[in-house]
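Working notes, structure below.
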Amino acid sequence: MKVEFLSVGSCMPEMEQADTVSLLLNGHTMVDTGWHAVRNLLRAGIDPKEIRTIFFTHMHQDHYLGLAQFLFYLMNGYHDFGTLCIYGPEDIEEIASLALRYAGYERHYADIPLPKIRQLPSTGKMDFDEIQVRWIPSHHAAPGRCYQFQGLNEKESVTYSGDTARFKEMVDFVHGSKILIHESSFGARSAPTPNPYGHSSAMDAAKAALKAGVERLYLVHCGKEGRRAAIEAAQEIFPNTSYPKENETFLLL
């Protein structure tokens with residue numbers, strides 16, 4: 001299974017880190033659309049029409065603002081959504097419908113068959129193409145999902161936390177994955193108690209990686225200025241930690 005970081009930044013675009021987190025699996029499955037979904041895909045050499053499935057971790061704006069432009073690209077460029085399926089937690093159907101309307105579907109493209117849009121239950125699993133996906137609810141300020149994607153064999157497993165505070169069940173969920181991709185919005189600062197924002201620190205991510213027994217931890221969703229301190233804080237707990245660059249790719253075999 002091939003995993004590419006289309007973007008890795010925090011909730012606000014920065015000059016050298018232009019978008020919030022978005023992943024690409026095997027060239028056809030996208031996780032979240034960030035601010036600039038089309039640009040991110042084209043920069044990676046992927047025509048948006050190749051995307052067959054989108055999973056949303058949660059429906060906060062920085063994770064879905066690129067959906068309208070993505071849908072418009074398909075409508076205007078190809079007059080076809082192909083076999084596109086869009087999955088996500090609560091509010092996915094409302095947000096996707098609003099994105100279609102904003103992109104001009106009702107005014108100019110209503111003859112195009114709509115993509116499949118489905119809300120996922122709080123926990124579950126499904127198979128699509130050569131990937132199996134499992135999910136559990138995240139602990140965030142909006143309803144969300146943590147996802148685990150597994151390829152053709154059990155060694156091809158990667159878990160993405162989405163936006164979430166640290167919680168006990170997460171470790172059990174991650175167990176068995178080779179790679180953990182975990183948000184680190186608080187960087188090297190400890191998450192507050194209580195934690196109404198529902199975000200994690202780099203140390204939270206590292207503790208989850210250590211307890212779950214993964215091989216590698218990738219931190220994401222941290223502002224550029226706090227990134228070096230976040231990496232160093234996480235490496236004290238889990239040495240094999242790094243922060244990926246945009247378009248960095250890894251293969252699970």
Would you say the side chains of Asp32 and Ser22 form a donor-acceptor pair under 3.5 Å? no
Return the minimal non-hydrogen interatomic distance between Glu246 and Asp19, and the atom names on each side. OE2-N, 4.0 Å
Please check if any side-chain donor atom of Arg216 sits under 3.5 Å from a side-chain acceptor atom of Ser242, or the reverse. yes
I'd like to know if the side chain of Glu130 pairs up with that of Asn26 as donor and acceptor (distance under 3.5 Å, no hydrogens or angles considered). yes
Any pair with a residue in residues 129-174 that passes ring-ring contact (aromatic ring centres under 6.0 Å, His included), sequence neighbours left out, goes on the list, sorted by first then second residue, please. Phe55-Tyr147, Phe55-Phe149, His58-His140, His60-His140, His139-Phe167, His140-His199, Tyr147-Phe149
Considering only heavy atoms from C-beta outward, does the side chain of Ile131 approach that of Gln150 to under 4.5 Å? no
If you look only at distance, which donor and acceptor atoms sit under 3.5 Å apart when one is on a side chain in residues 98-108 and the other is two or more places apart or in another chain?
residue	atom	partner	partner atom	Å
Tyr105	OH	Ala110	O	3.3
Tyr105	OH	Ile112	O	2.6

Linked, directly or transitively: Met1 and Ile51 (ILVMFWY side chains, under 4.5 Å): no
Answer with yes or no whether the hydrophobic clustering places Ile54 together with Leu25; edges join I, L, V, M, F, W, Y residues whose side-chain heavy atoms lie under 4.5 Å apart. no
In this structure, would Tyr218 and Leu180 fall into the same cluster of hydrophobic residues linked by side-chain contacts under 4.5 Å? yes
Non-hydrogen side-chain atoms of Ser7 and Val21 separated by less than 4.5 Å: no
Close side-chain approach of Val158 and Lys178, heavy atoms under 4.5 Å: no
Any chance you could lay out the side-chain hydrogen bond (donor to acceptor under 3.5 Å, both in side chains) test for Asp91 and Tyr64, step after step, and finish with the verdict? CA-CA 11 Å; Asp91 300 325; Tyr64 71 71; over 6 Å; no
Do Ile92 and Arg118 touch side chain to side chain, with heavy atoms closer than 4.5 Å? no
Is a side-chain donor-acceptor pair under 3.5 Å present for Ser177 with Thr159? yes
Assigning hydrophobic clusters by single linkage (Ile, Leu, Val, Met, Phe, Trp, Tyr; side-chain heavy-atom cutoff under 4.5 Å), is Leu65 placed with Val38? no
Hydrogens and angles aside, do Asn76 and Tyr109 bring a side-chain donor and acceptor to less than 3.5 Å of each other? yes
Would you be so kind as to tabulate the donor-acceptor pairs closer than 3.5 Å made by side chains of residues 79-90, with sequence neighbours excluded?
residue	atom	partner	partner atom	Å
His79	NE2	Asp111	OD1	3.2
His79	NE2	Asp111	OD2	2.8
Asp80	OD1	Gly82	N	2.9
Glu90	OE1	Arg145	NH1	3.4
Glu90	OE1	Arg145	NH2	3.1

Shortest non-hydrogen contact from Ala37 toward Phe70: CB-CB, 4.3 Å
Kindly compute the distance separating SG (Cys11) from CD (Glu183), expressed to the nearest 0.5 Å. 10.5 Å
Heavy-atom side-chain contact between Leu252 and Ile179 under 4.5 Å: yes
